Amino acid sequence: MTKQPNPFLHRQMLHDTWATGKLIERCRKLAPDQLELTTPGTYGTIRATLQHIVSADEGYLVRLTGTPLHAMPFRQTDPATLDDIAAHLEHVKDAVERLFSGPPLDAERILTDTPLRPAGAPRFEMATWAPATQLIYHGVDHRSQIDTILSVHGLETIDMQVWPYAIELGASRQVE
Amino acid sequence: MPTQLILRQLRHDIWATERLIEHVRRLSSQQLQLTVPGTYGSIHKTLLHIVAANERYLRRFLPMDPVIDEDRTPNASLDDIVAHLRKVKDAVEKLFAGEHVDPDAVIRDNRRRNPADPPLLITSWVLLNQFVHHGSDHRAQIGTILGANGLPTADIDVWAYGRELDAVKEERKT
């Protein structure tokens, strides 16, 4: 993967799905009522926030690839278990691989629409860098909120920064 | 040469921190000390930490001295933090103005916060991706502190940034 185009973004998206996957696994140890915990100033409950991260990821990737990831969009309002969210995270991972398997992404290319736009809704035009950057920003933002919720309620948090991911890959290491 | 995606991300990151600092300037000095459990610390301390870390990431690529520091300059004012954020902004532009930044270049880092620790070998992409991650993570915490204390939050996501640059546009019906 060393000579792939868009190397920073590709690695960011791989880190992003790694971090969300780790967080879902962490949250599997919570009781159902703990998944409904929240704290003021955050998006909502732990479960709703995880669903929001993954459904938004799908939305950004549909816009970036120009292709639906599956027949029915995964909406924030759909009733979803952690298994459902994890299943959709796999769609996200597949879409990330598809996104980077083609020609290099041109950051400035204008995306004129998304297949997910509801009929009659306004059309947005945007440079490719906007949804790509927002995907990364959005995931960090909301995982941070879940981390705060866990801490506020005295529950164990996990380290989802780039450092542990890089150490896992041998991309950051201490000289012996 | 077209703008690299990572440079767009770093510019958004710096813009978001700038916006957030401007947003909290209207807070009283007591409000700047607000926090909530589960976050890094007070609003002020977190802003200082974001910019100090930005400088630490960048000094692995190019000279950044003197840097702001959570331990040595814990009482840095918002103006001080903004002054260092300007240095961060300049350094990012300088970094990308020259040769292509090789994401796989390995950097030997001898300047550990604990001098007794052995050097680190860090691949470039790790530092720049962590830069982006770290800022978003801690700005989210400040958003939570503001929200939890009933204070208005700042709109600092990429959509707001993209609209400002006219890179995100809603179709106008005629």
Side-chain angles (χ1 to χ4, degrees), chain A residues 1-3 6-9 11-12 15-16 19 39-42 105-108 110 113 122-145 147-154 157 160-163 165-167 169-176, chain B residues 2-9 12-13 16 36-39 101-104 106 108 110 117-141 143-150 153 156-159 161-162 165 167-173:
Chain A
M1 116 146 204
T2 53
K3 295 299 171 198
N6 312 114
F8 291 103
L9 182 68
R11 286 181 170 101
Q12 281 175 313
H15 165 256
D16 186 86
T39 195
T42 60
L105 283 186
D106 174 358
E108 309 306 321
I110 301 298
D113 206 353
R123 188 173 60 81
F124 280 84
E125 285 190 355
M126 59 188 73
T128 296
W129 64 260
T133 302
Q134 173 67 14
L135 186 154
I136 302 303
Y137 169 84
H138 187 261
V140 179
D141 190 31
H142 288 295
R143 286 192 300 269
S144 176
Q145 293 179 346
D147 186 77
T148 300
I149 296 169
L150 291 169
S151 286
V152 164
H153 293 282
T157 59
M160 299 173 284
Q161 296 187 86
V162 180
W163 296 126
Y165 176 68
I167 289 167
L169 296 179
S172 176
R173 57 193 184 278
Q174 203 158 269
V175 178
E176 297 302 331
Chain B
T3 309
Q4 290 186 48
L5 260 159
I6 184 68
L7 177 56
R8 288 287 191 190
Q9 290 178 296
H12 164 258
D13 190 273
V36 296
T39 61
V101 179
D102 178 1
D104 295 306
V106 176
R108 185 185 176 93
N110 296 313
D117 287 341
L120 269 185
L121 296 178
I122 315 171
T123 313
S124 292
W125 67 262
V126 176
L127 287 166
L128 294 180
N129 289 357
Q130 171 66 17
F131 183 117
V132 172
H133 179 280
H134 186 261
S136 300
D137 190 20
H138 287 295
R139 287 191 301 271
Q141 293 180 345
T144 299
I145 295 169
L146 292 168
N149 286 285
T153 55
I156 50 175
D157 66 11
V158 182
W159 301 133
Y161 179 63
L165 296 181
V168 176
K169 287 183 278 202
E170 188 173 349
E171 175 187 35
R172 298 257 166 79
K173 303 253 180 188

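Chain naming here is simple, since letters A, B, ... match the order of the sequence lines and numbering starts at 1 in each. What you see is a predicted model, and the numbers here were worked out from it, not measured in a lab. Worth knowing before you read on, the calculation uses all heavy atoms, side chains too, and leaves out hydrogens, waters and symmetry mates.
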Next on the checklist: Taking every non-hydrogen pair under 4.5 Å, which of B:G143, B:S124, B:P119 racks up the most with chain A?
Outcome noted: B:P119

Next on the checklist: Run the side-chain hydrogen bond (donor to acceptor under 3.5 Å, both in side chains) test on A:S144 and B:D137 for me, step by step, so that the C-alpha distance in whole Å, both residues' side-chain angles and the decisive distance to 0.1 Å come before the verdict.
Outcome noted: CA-CA 5 Å; A:S144 176; B:D137 190 20; 2.8 Å; yes

Checklist entry - Between B:G162, B:G147, B:A148, which shows the greatest number of heavy-atom pairs under 4.5 Å with chain A? => result B:A148

Checklist entry - For A:I167, is it the side chain, the backbone, both, or neither that has a heavy atom closer than 4.5 Å to a heavy atom of chain B? => result neither

Next on the checklist: Let's test your reading of the structure: which of B:V106, B:V36, B:I156, B:T153 forms the most heavy-atom pairs below 4.5 Å with chain A?
Outcome noted: B:I156

Next on the checklist: Quick check on A:H15 against chain B: is it the side chain, the backbone, both or neither that has a heavy atom closer than 4.5 Å?
Outcome noted: side chain

Checklist entry - Does any heavy atom of chain A fall under 4.5 Å from the side chain of B:L146, the backbone, both, or neither of them? => result neither

Next on the checklist: Report which part of B:H133 has an atom under 4.5 Å of a heavy atom belonging to chain A: side chain, backbone, both, or neither.
Outcome noted: both

Checklist entry - Using non-hydrogen atoms only, which part of B:V126 is less than 4.5 Å away from chain A: side chain, backbone, both, or neither? => result both

Checklist entry - With a 4.5 Å limit on heavy-atom distance, are the side chains of A:Q12 and B:L5 in contact? => result no

Checklist outcome for this item: Minimal heavy-atom distance between A:Y137 and B:S136, with the atoms involved, is CD1-OG, 3.6 Å

Checklist entry - A:H138 versus A:L135: any side-chain heavy-atom pair under 4.5 Å? => result no

Checklist entry - Of the listed residues (B:A140, B:A16, B:G135), which shares the most heavy-atom pairs with chain A below a 4.5 Å separation? => result B:A140

Next on the checklist: Tell me which of these, A:I149, A:D141, A:L169, has more heavy-atom pairs under 4.5 Å with chain B than the rest.
Outcome noted: A:D141

Next on the checklist: Between A:Q134 (side chain only) and B:V158 (backbone N and O only), is there a donor and an acceptor less than 3.5 Å apart?
Outcome noted: yes

Checklist entry - Between B:Y161 and A:W129, does a ring pair (Phe, Tyr, Trp, His ring centres under 6.0 Å) hold up when you go through it step by step? => result CA-CA 11 Å; B:Y161 179 63; A:W129 64 260; 5.6 Å; yes

Checklist entry - Any luck finding a side-chain donor-acceptor pair between B:H12 and B:Q9 under 3.5 Å? => result no

Checklist entry - Under a 4.5 Å heavy-atom cutoff, which of B:L128, B:L121, B:T39, B:V132 has the most pairs with chain A? => result B:L121

Checklist entry - Does any N or O in the side chain of B:N149 come within less than 3.5 Å of the main-chain N or O of B:I145, such that one atom is a donor and the other an acceptor? => result yes

